[in-house]
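Written below as structure tokens is the structure these notes are about.
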Amino acid sequence: MDIATISGSINTVGYGISVVGSGIGVGILFGLGMQAIARQPEARGPLQINIYLGMAMVEALAILGFVLAFAIR
């Protein structure tokens, strides 16, 4: 199969990139959050709330990329 004959939607590539980006974002956010809690355990409550809010926003971007991959034709 020749590369010139491959046809399809480039939207799936965009969705794949958005998923990779969100995975990296969640990993960095969670890792740095755990590092901050390890350094200052008494600030666990407010840090944990911020970690969860940040993860929700990063995952919302991944869902947005998923929706746009199918919405844009």
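For the numbers below, each heavy atom of this structure counts, side chains included, while hydrogens, waters and symmetry mates do not.
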*Do Ser22 and Leu61 touch side chain to side chain, with heavy atoms closer than 4.5 Å?*
no
*For the residue pair Met55 and Leu29, what are the closest heavy atoms and their distance?*
N-CD2, 3.2 Å
_Spacing of CG belonging to Leu32 relative to CZ belonging to Arg39, to within rounding of 0.5 Å_ = 9.5 Å
*Mind checking what makes side chain to side chain contact (heavy atoms under 4.5 Å, CB included) contact with Glu42, not counting sequence neighbours?*
Gln40
_For Ile37, give me all partners under side chain to side chain contact (heavy atoms under 4.5 Å, CB included), at least two apart in sequence or on another chain._
Met34, Arg44, Leu47, Ile51
*Just grab all the ring-ring contact (aromatic ring centres under 6.0 Å, His included) pairs involving residues 10-36, residues at least two apart or on different chains.*
Tyr15-Phe66
*Connected-component partners of Ile49 among ILVMFWY, side-chain separation under 4.5 Å*: Leu53
